[in-house]
Amino acid sequence: MPTLTSFLLRAGLVGGLVFAAMLALATLVSPFTRPMQAPVDPAVLSRALDAARAEVAREKAEAEAASRAEAAGTTVPGGPSTPAGEPAP
């Protein structure tokens, strides 16, 4: 048992030193920060905005169609009132 005890003591001491070093680095060292600017190509930005707007418009149209169908008592294929996996009537 003395070898196990000495091993555990040494492993705990090394672990404690590593923990103390990490704690000291985390509290005493502050990172150097600076503002970052990256150029964005306007063509890429406009394509992304157009795609996002089209997606929002499509989702809005689907929601309106589903609410109209629900108010009329019918179902829309693929709409929220159609159970998954079942074809619409």
Side-chain angles (χ1 to χ4, degrees):
M1 277 308 202
T3 57
L4 178 62
T5 305
S6 65
F7 170 73
L8 291 177
L9 182 64
R10 288 180 184 164
L13 185 64
V14 170
L17 289 174
V18 169
F19 181 75
M22 287 189 339
L23 184 65
L25 283 173
T27 57
L28 300 176
V29 178
S30 61
F32 174 72
T33 59
R34 61 184 173 103
M36 183 182 138
Q37 294 179 348
V40 177
D41 185 18
V44 173
L45 185 61
S46 68
R47 282 196 307 263
L49 286 174
D50 290 343
R53 287 182 184 127
E55 178 71 19
V56 168
R58 185 184 60 79
E59 289 176 358
K60 186 176 180 181
E62 287 178 358
E64 288 175 0
S67 66
R68 282 194 306 261
E70 189 174 324
T74 60
T75 59
V76 176
S81 58
T82 303
E86 292 184 19

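Position 1 is the first residue of the sequence, and the numbers go up from there.
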Please say whether more than 12 non-hydrogen atoms of neighbouring residues, nucleotides or ligands are located less than 6.0 Å from CZ in R58. yes
Ion pair check, R53 and D50, cut-off under 4.0 Å: yes
Answer with yes or no whether the hydrophobic clustering places F7 together with V14; edges join I, L, V, M, F, W, Y residues whose side-chain heavy atoms lie under 4.5 Å apart. no
To the closest 0.5 Å, what do you measure between CG (L4) and CG (L9)? 11.0 Å
